[in-house]
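Accompanying notes for the structure given below.
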Amino acid sequence: MSTLLALPRATFLIYRLHIGMILGSRRSLAAIGLAVVPPLLAFLASNFAPDNRGATMIYLIVGTFVLIQFVVPMLSVAMGVGVVADEAESRTITFPFTRPIPRASLFLGRWLAAVTAILTLIAASGVLSALAVRVGDRGAPPSNEVIEKLVFAAMVGGVVYSLGSAVIGVLAKRGLIFALGYVFAVEALLANVPGSSQKLTVQYHLRSMFVDQEGKLWKSLEEVFPISLLDPDVAFTKMMIASAVLLVFGCIAVTRKQFVLAS
Amino acid sequence: MSAIVQAEGLGRWYGEVVGLGDLTVSIEPGITGLVGPNGAGKSTFMKVMVGELRPHRGQIRVLGYRPFGSRPLYRRLGFCPQQDALYEHQTGMEFVRDLLRLGGESKRKATLMAGEAMERVGLTDAMNRKVSDYSKGMRQRTRLAQSIAHSPELVIADEPLTGLDPIARRQVLELFQELSREGKSVILSSHVLHEVESLTETIVLIHRGRLLAQGTVRDVRQLISRHPSRVRVTAREPRKLAAKLFDQPHVRAVSLGADGESIQIETDNVAEFHVTFAAAAASARAGVRSLSSDDASLEAVFDYLVG
């Protein structure tokens, strides 16, 4: 079977093999717990926040600062870093690696399984947060357009962060530490420090995707991000290019890397 | 007959630790035992053979292929790793079947082949149970099943007898012999020397990442001219026999056993010793009851070589 045919076939088989494993794992339970945080906070905020905050504003604040800036990277790192690293750590990687499959399929199949879970949780978290802000008497709830844009940006973040984490997991022994270090030390710092260094972060691009800079809602958040954002389409394209590069890099890395397993 | 494995000047390190030093070896088809003490480099050599690791130095060909990431090789090779790792959420049957599917088999055919493999390793009754509920021996046999399920022409098994009870060990040894009769080759590592010896005469001795000796037990023995061969004889009159044997030119030493009925002879030429022994025993009227050569024991050879 040529690589062209073998790659999608093996990827699909590995995806199927691991999707069940991921969904039934303890890590997934922790991920579900994490995904519940934004709706919970949205619910609390809509009931206890100062009266001048409308439902849409609460949704945007929770969506920006809790969902996109904390839950998305945390979830993506936690589930993404082990895409290949878990298999190496559990020493089962020998089995797929001694089968006549392209090694890249292990990265692709396992990442697809992980990202399925990640995106499901992110989408659910985003939508439940929107429902939660409706509970309090806060005026007009967020429109479908706002919800769609925010959830979509969060999902794009899930794709990029999980891919980056998966690549780090392939390359570094303590991938989780490196990945968490990156998203919370580098990203969180740069994304929230005034100045053009924000443009180096994934967060900046995600904000660009869901923020309507002309909208009055954004005006109140503008003080926090005193920097012009990108056109949403440009931001999305950049994120997709970054994802494609990470995907190719991950496939090459896993094909070339030797995994030294303890006996 | 062309070699199934050809390694030349193979070197592999783990930081400053030497896994393989400068290993040059050629392995012919059939059953070959890879023997050495712990840390000798057996597992590293196997990992290089199956392409899990790349050598830092030297070259290796397995069935004519460079192993690392070689898809054509993996169609013809089965590997049973030493590490006790399986996909815990699966049943034994699912585990073997899914790996067969990765090898390109259809679901129906993979199910059939997996069932056959589980039967060959004696796990038919347990194949639909989760592997997390398996005993250590059952897990070992499951790993073995996945290595033979696709009917490879070469099976490489790293310590396949570890963790097996005596009955399972016998089954596995029989399985290897069966594979050999089917024309397949098996390379297995073990430190359970007598078990390797009971399976094959062809051994490769590795120590500190280098080839120490290779061939049949007797071939290997002959390579060590500085070590005498040992023969143990029990007789009615061991002292008389010992006195006669002292006169033989190729006998280096004779010692009486603590039981008072046996003697141990050290000889430089075991073949010549066997020719002249009968005459010596007859003339001494020693009443020989048994004669055994310790040199037929791989354990003895191994002790000589690495001891």
Side-chain angles (χ1 to χ4, degrees), chain A residues 1-28 84-110 113 173 251-263, chain B residues 12-15 19 38-39 42-44 46-56 67-90 94-105 107 110 131 143 146-147 150 152 156 158-159 162 189:
Chain A
M1 203 184 288
S2 71
T3 306
L4 216 59
L5 287 174
L7 186 64
R9 185 182 188 278
T11 299
F12 174 68
L13 287 169
I14 288 170
Y15 172 82
R16 277 210 5 206
L17 180 64
H18 290 285
I19 188 77
M21 196 194 307
I22 285 171
L23 294 177
S25 69
R26 268 178 286 182
R27 192 176 294 185
S28 290
V84 174
D86 279 357
E87 188 111 38
E89 203 172 297
S90 65
R91 299 175 299 167
T92 48
I93 201 166
T94 301
F95 299 113
F97 272 14
T98 49
R99 296 286 145 180
I101 56 167
R103 290 188 172 190
S105 62
L106 186 73
F107 183 85
L108 288 172
R110 288 198 53 137
K173 264 195 173 172
C251 289
I252 293 170
V254 89
T255 302
R256 298 183 62 82
K257 186 175 164 81
Q258 303 169 77
F259 293 88
V260 180
L261 312 177
S263 291
Chain B
R12 169 77 211 190
W13 302 269
Y14 302 98
N38 285 334
K42 305 184 297 290
S43 290
T44 302
M46 291 202 149
K47 285 173 180 175
V48 171
M49 275 195 279
V50 302
E52 194 175 303
L53 298 176
R54 263 190 292 239
H56 288 134
F68 190 84
S70 170
R71 286 169 53 206
L73 172 65
Y74 297 139
R75 285 184 216 291
R76 300 168 62 186
L77 172 88
F79 179 49
C80 174
Q82 186 185 1
Q83 66 262 18
D84 184 19
L86 299 166
Y87 296 130
E88 303 293 335
H89 67 296
Q90 291 190 308
E94 286 168 347
F95 177 74
V96 178
R97 185 200 63 200
D98 285 353
L99 288 173
L100 279 165
R101 293 211 67 201
L102 280 181
E105 305 297 345
K107 189 172 182 180
V131 294
R143 292 199 294 278
Q146 65 78 33
S147 73
H150 55 300
I156 295 178
D158 196 357
E159 303 273 1
T162 306
S189 69

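Cation-pi geometry between R99(A) and F79(B) is not met at under 6.0 angstrom from the ring centre and within 45 degrees of the axis.
Within the 4.5 angstrom heavy-atom criterion, only side-chain atoms of Q90(B), from C-beta onward, approach chain A. Residue S25(A) does not touch chain B at all, counting heavy-atom pairs closer than 4.5 Å. For T92(A), the parts sitting under 4.5 Å from any heavy atom of chain B are the backbone and the side chain alike. Of the atoms belonging to R76(B), not a single heavy atom falls under 4.5 Å from chain A.
Taking 4.5 Å as the limit, some side-chain heavy atom of L53(B) sits within range of a side-chain heavy atom of V260(A). For the pair R103(A) and F68(B), the minimum side-chain heavy-atom distance is below 4.5 Å. By the 4.5 Å heavy-atom criterion applied to side chains, H18(A) and H89(B) are not counted as neighbours. Side-chain atoms of M21(A) and Y87(B), non-hydrogen and from C-beta on, do get closer than 4.5 Å to each other. Counting heavy atoms from C-beta outward, F95(A) and P81(B) have side chains that approach closer than 4.5 Å.
For Q258(A), the CD atom counts as densely surrounded, since its 6.0 Å shell holds more than 12 non-hydrogen atoms of other residues, nucleotides or ligands. For OH of Y14(B), the number of neighbouring non-hydrogen atoms (other residues, nucleotides, ligands) closer than 6.0 Å is greater than 12.
With sequence neighbours left out, the side-chain contact (heavy atoms from CB on, under 4.5 Å) criterion links A253(A) to V170(A), L171(A). Judged as a salt bridge (charged side-chain N to carboxylate O under 4.0 Å, His left out), and not counting sequence neighbours, the contacts of E87(A) are R110(A).
Using a 3.5 Å distance cut-off with no hydrogens or angles, the side chains of Q82(B) and R91(A) do not pair a donor with an acceptor. Side-chain contact annotation: T94(A) with Q83(B), donor-acceptor N/O pair under 3.5 Å present.
The OG1 atom of T98(A) lies 14.0 Å from the CZ atom of R71(B); values are rounded to the nearest 0.5 Å. Remark: K47(B) NZ to F97(A) CZ distance equals 14.0 Å, nearest 0.5 Å. Taking CG of L102(B) as the start and CG of L13(A) as the end, the distance is 5.5 Å to the nearest 0.5 Å.
What you find for A85(B) and S90(A) is that their closest heavy atoms are CB-O, 3.1 Å. Considering every non-hydrogen atom in both K107(B) and R16(A), the closest pair reads NZ-NH2, 4.5 Å.
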